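First the structure, in the form of structure tokens, and then the observations on it.
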Amino acid sequence: MDRQEDAHTRSPLPWGTLNRDQIVVAALGIARDEGLEALSIRRLADRLGVSRMALYRHISDKDDLLDLVADAIADRDLAVPEAYEGSWEERLRTLARAMRSQLLAYKGLTELIVTRGNRGPSVLKLTEAILSILDDAGFDAHWAARYYQSVVDVLVGRVHRELHSALTSPERAERMTAAALAHPAQVWPRLREVGPHLQTVTADEIYETEVELLIGGLRSAPQRRDRCSGSSPAATDPEDGHPVGCPLCESPRPPAAS
């Protein structure tokens, strides 16, 4: 079917009524229905019933459009109130669930984040939310930076690997189990026992498990401020406030800026 005959194509908008909100809503619809790869200036113009030149009065190019869409998803679908309430563990779980839901809902969004990133205000707000969680978990600026990268790698990277890799697929587990069963029982006893269960683990369960491993690692990290012993507020690094003299805080530190 010709794109001009698409069921989503709108009647032409009256002159001068097009605005960025309408553009974002239409772009989100295309991204949700067809994936971000289908989103183009021409496709969006068809859906809105306007000329491409009318769109260029509000957006500079496709990259600008993609940034608007990513920022709108962060604003509308990830700004869940629960991510700003409760313990840091519960807030991180809530944020993780919301991120997974939207990364899977918009085909191509994970690839966009991995390859391009985004610096829109809503995405920055999301970054601030994660950093606030890490602050409440007890990490200073240096360690919050390190653990922030790990949090993003788990939350986004897990979905990206799920979509682009068969490393944890049931089919792979089935082939591995079959290979073990071809040998005598005493050769791979644990694999023979666990193998059937490997085939039933869902992608949702893998994601939730990785989030719990992440939370457990953060909770037990020696760099957390509330785990430091034998130091008082006065015994801190003057550069960043990191406790001095605590055996739990002896992880390598970066050299002070000259």
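Predicted model, so just to flag it, every value in this text is computed and none were measured.
- Annotation: the span from Ser40 atom OG to Arg52 atom CZ amounts to 9.0 Å, rounded to 0.5 Å.
- Linking Ile, Leu, Val, Met, Phe, Trp and Tyr whenever their side-chain heavy atoms come within less than 4.5 Å leaves Val187 and Leu181 in two separate clusters.
- Between Asp33 and Arg47, some side-chain heavy-atom pair lies under the 4.5 Å cut-off.
- Inter-residue side-chain proximity for Thr209 and Ile206 is flagged as unmet; no heavy-atom pair is nearer than 4.5 Å.
- Note: the hydrophobic cluster containing Val25 does not contain Leu48 (ILVMFWY, side chain heavy atoms under 4.5 Å, direct or indirect links).
- Under the 4.0 Å criterion applied to side-chain N and carboxylate O atoms, Glu212 and Arg93 are assigned as salt-bridge partners.
- Atom-to-atom distance recorded for Gln199:CD and Thr177:OG1 is 4.5 Å, nearest 0.5 angstrom.
- The main-chain N or O of Arg97 is never found under 3.5 Å from a side-chain atom of Ser101 such that the two would form a donor-acceptor pair.
- Of all heavy-atom pairs between Val123 and Ala70, the closest is CG2-O, 4.2 Å.
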For side chain to side chain contact (heavy atoms under 4.5 Å, CB included), just list the numbers for Ile30 and Val69, CA-CA rounded to whole Å, side-chain angles, deciding distance to a tenth of an Å, and then say yes or no.
CA-CA 10 Å; Ile30 295 173; Val69 170; over 6 Å; no
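- Residues Glu111 and Leu36 fail the side-chain proximity criterion, which asks for heavy atoms closer than 4.5 Å.
- Note that CG of Leu214 and OH of Tyr147 are 10.0 Å apart. Values are rounded to the nearest 0.5 Å.
- Residues that satisfy the salt bridge (charged side-chain N to carboxylate O under 4.0 Å, His left out) test with Glu208, not counting sequence neighbours, are absent from this structure.
- Here the shortest heavy-atom pairing between Asp61 and Asp64 reads OD1-N, 2.9 Å.
- Between the side chain of Arg225 and the backbone N or O of Phe139 there is at least one donor-acceptor pair closer than 3.5 Å.
- The main-chain N or O of Trp143 is found under 3.5 Å from a side-chain atom of Asp140 such that the two form a donor-acceptor pair.
- A donor-acceptor distance shorter than 3.5 angstrom exists from the side chain of Glu205 to the backbone of Thr202, with no hydrogens or angles considered.
- Note on Val154 and Val114: same hydrophobic cluster, where clusters join Ile, Leu, Val, Met, Phe, Trp and Tyr whose side-chain heavy atoms are under 4.5 Å apart, directly or indirectly.
- We find that Glu128 and Lys125 are not joined by a salt bridge, their nearest charged nitrogen and carboxylate oxygen being 4.0 Å or further apart.
- Between Leu218 and Trp88 the shortest side-chain heavy-atom distance falls below 4.5 Å.
- Between Gln223 and His142, the side chains place no donor N or O within less than 3.5 Å of an acceptor N or O (distance only, hydrogens not considered).
- Trp188 CH2 to Met176 CE: the interatomic distance, rounded to the nearest 0.5 Å, is 11.5 Å.
- One hydrophobic cluster holds both Ile73 and Leu163 under the rule that ILVMFWY side chains link at heavy-atom gaps under 4.5 Å.
- The residue from Leu155, Asp204, Thr110 that alone fulfils the side-chain contact (heavy atoms from CB on, under 4.5 Å) condition with Arg100 is Asp204.
- The backbone N or O of Ile23 sits nowhere less than 3.5 Å from a side-chain atom of His58 that would complete a donor-acceptor pair.
- We find the CG-NZ distance between Leu109 and Lys107 to be 13.5 Å, quoted to the nearest 0.5 Å.
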Test Met99 against Val211 for side chain to side chain contact (heavy atoms under 4.5 Å, CB included), laying out the working first.
CA-CA 12 Å; Met99 288 186 68; Val211 170; over 6 Å; no
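- In this structure the side chain of Ile113 reaches within 4.5 angstrom of the side chain of Leu103, judged on heavy atoms.
- The nearest pair of heavy atoms linking Leu131 to Ala144 is CD2-O, 4.2 Å.
- For the pairing with Thr168, the side chain to side chain donor-acceptor pair (under 3.5 Å) check across Arg161, Glu162, Arg158 returns one residue only, Arg158.
- Checking side-chain atoms of Arg20 against main-chain N and O of Ile59 turns up no donor-acceptor pair under 3.5 Å.
- In this structure, Asp71 CG and Leu66 CG are separated by 12.5 Å, a value rounded to the nearest 0.5 Å.
- Residues Ala72 and Leu28 share a closest heavy-atom pair of CB-CD1, 4.0 Å.
- One N or O on the side chain of Tyr207 and one on the backbone of Ala96 form a donor-acceptor pair closer than 3.5 Å.
- Heavy atoms only, all atoms of each residue included: Ala54 and Leu18 are closest at O-CD2, 3.8 Å.
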